[in-house]
Amino acid sequence: MLQLRRKGRRIGFVPTMGALHDGHLSLILYARRESDIVVAGIFVNPLQFGPKEDFKKYPRPKAEDERLLKKEGVDYLFHPEVSGMYPKGKPLVFVDVDPSLVNVLCGEFRPGHFRGVATVVAKLFEIVKPTDVFFGAKDYQQGVVVRRLIEDLNMDIRFHLCPTVREKDGLAMSSRNRYLSAKERRRAREISATLFWLRDQILYARKESDSLKKAALRRLRKAVDRIDYLEIVDPETLQPLTRFQSKRVIATACLVGKTRLIDNVIIDPLFPKKIHKKEGSS
Ligand code: AMP
């Protein structure tokens, strides 16, 4: 990869945990448009799972994932074993993320998660040596952490945040959706419906109002089994907003049955940025 990089080729990298769906495949499509060579990564990273989380039961449909990536025209697949990524067991050096970014939203409920993410992402970038990386807006906080990782550690990498791909009824696609029973699946649609409702109310009222948030919480509470958070935050600092500003992210994490689902909507006139086709491509 280093040689290709030196020749001026753009190497697009899409790291995932596998169990691929159209959300992942859309990242591949963006990567293909923006780069000469596309590398997909599949690695279920133990470092970012808590002791009571689903690391062991996380779906790993290897053959189907490989078939999908081939069909999408991915050039390389990096699919290491845990022992390949962590040959000495638990690492002694980690990438630490400032509490201001990780003591909020998901980080508050998943201690150590973003430290695990930042560490594995730094390792993957070091191994694959991409010029461009593609992450989904669905995991918004992760995107912010990775963007800061690249900036703060002076990595020579372009970061691309790509829009969330949804099911027809609005549910954000996720590898974890397959855990939902039919009844839970029907209830889960209220998550995105509530976020879009709240966005429309905020845009219409042009103010952050506690009563709007309370109404959204009431609506969501009827459908889901637990709400970890529903916050309106600054897109860069992730701190809760109290006053009106034009760019905002509304983010939530909820439990439906035993499945934890996250979603967000980005209020930003410039998102998603239009990605132009490479020069010379048809
Ligand atoms: P994961 O396999 O869940 O770790 O996700 C790998 C990458 O795919 C991350 O950058 C996610 O943000 C992205 N991703 C997951 N679901 C979606 C979705 N529904 N739409 C767009 N990107 C997604």
Side-chain angles (χ1 to χ4, degrees), residues 12-34 38-49 53-55 57-62 64-66 68-69 72 74 77-80 85 105-106 110 113-114 116-125 128 130 132-150 157-180 185 188-189 191-192 195-196 235 249 251-253 259-266 271-273 275:
F13 181 40
V14 179
T16 78
M17 297 203 299
L20 302 177
H21 50 67
D22 283 352
H24 298 115
L25 301 183
S26 77
L27 301 185
I28 303 278
L29 205 70
Y30 279 106
R32 273 203 1 229
R33 284 199 197 168
E34 289 287 289
V38 177
V39 184
I42 296 183
F43 182 59
V44 186
N45 173 35
L47 227 54
Q48 69 192 63
F49 286 78
E53 293 182 0
D54 55 346
F55 174 68
K57 79 164 200 188
Y58 198 85
R60 292 167 173 86
K62 193 169 177 234
E64 174 63 4
D65 283 351
E66 284 175 2
L68 288 170
L69 293 176
E72 292 302 317
V74 163
L77 168 61
F78 183 59
H79 195 169
M85 287 297 281
L105 307 181
C106 276
R110 303 184 71 186
H113 170 69
F114 288 108
V117 169
T119 303
V120 79
V121 165
K123 283 163 74 75
L124 290 169
F125 289 178
V128 174
D132 293 70
V133 293
F134 299 82
F135 284 78
K138 182 195 156 245
D139 300 274
Y140 190 82
Q141 189 171 14
Q142 171 173 277
V144 172
V145 167
V146 173
R147 194 200 309 250
R148 286 304 299 250
L149 169 79
I150 291 170
I157 295 175
R158 268 195 220 155
F159 174 87
H160 303 263
L161 189 71
C162 308
T164 300
V165 176
R166 298 179 177 281
E167 302 287 355
K168 279 203 185 90
D169 66 358
L171 178 68
M173 288 191 183
S174 163
S175 307
R176 290 190 169 103
N177 290 352
R178 66 183 74 192
Y179 298 153
L180 298 168
R185 173 65 187 80
R189 74 167 294 283
I191 299 172
S192 61
L195 291 180
F196 287 122
V249 175
T252 190
T259 307
R260 190 169 184 278
L261 299 173
I262 61 171
D263 199 356
N264 66 76
V265 294
I266 298 172
F271 182 83
K273 251 193 329 196
I275 294 194

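Both ligands and their constituent atoms are indexed starting at 1 by order of listing. Computed from heavy atoms alone, side chains included, the values below leave out hydrogens, waters and symmetry copies.
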For [X], atoms of ligand 1 separated by under 4.0 Å from a heavy atom:
X      : value
Leu27  : 7 (C), 8 (O), 10 (O), 13 (C)
Met173 : 16 (N), 17 (C), 18 (C), 19 (N)
Pro15  : 6 (C), 7 (C)

>> Looking at Arg148, I want to see if its CZ is surrounded by more than 12 non-hydrogen atoms of other residues, nucleotides or ligands under 6.0 Å.
In response: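 No, because the 6.0 Å sphere around CZ of Arg148 holds 12 heavy atoms or fewer from other groups.
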Please tell me if the side chains of [X] and [Y] come closer than 4.5 Å, counting only heavy atoms from C-beta onward.
X      : Y      : value
Arg166 : Ser192 : yes
Tyr30  : His160 : no
Met85  : Leu124 : yes
Thr259 : Leu261 : yes

>> Under a 4.0 Å threshold between the charged nitrogen and the carboxylate oxygen, would Asp54 count as salt-bridged to Arg260?
In response: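 Looking at Asp54 together with Arg260, the answer is no, because their closest N to O distance does not fall below 4.0 Å.
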> Could Arg33 and Asp132 be called an ion pair, given the rule that one side-chain N must be under 4.0 Å from one carboxylate O?
Replying inline: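 Here Arg33 does not pair with Asp132 in a salt bridge, since their nearest N and O are not under 4.0 Å apart.
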>> Parallel, tilted or perpendicular: which one describes the rings of Phe135 and Phe159, with boundaries at 30° and 60°?
In response: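 Geometry flag for Phe159 against Phe135: parallel rings.
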Suppose we measure from [atom] to each protein heavy atom; which comes out shortest, and what is that distance?
atom                    : value
atom 14 (N) of ligand 1 : Asp139 OD2, 4.1 Å
atom 21 (C) of ligand 1 : Pro163 O, 3.5 Å
atom 4 (O) of ligand 1  : Met17 CG, 3.5 Å
atom 20 (N) of ligand 1 : Val165 N, 2.8 Å

Please report whether ligand 1 has a polar contact with [X], defined as an N or O pair separated by less than 3.5 Å (distance criterion only).
X      : answer
Thr164 : no
Ala172 : no
Phe134 : no

> Considering His160, His24, His21, Arg166, which one's heavy-atom position lies nearest to atom 16 (N) of ligand 1?
Replying inline: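 Selected option, by shortest heavy-atom distance: His21.
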> Out of Ala137, Gly136, Gly143, who gets a non-hydrogen atom closest to atom 10 (O) of ligand 1?
Replying inline: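 Of the listed residues, Gly136 has the closest heavy atom.
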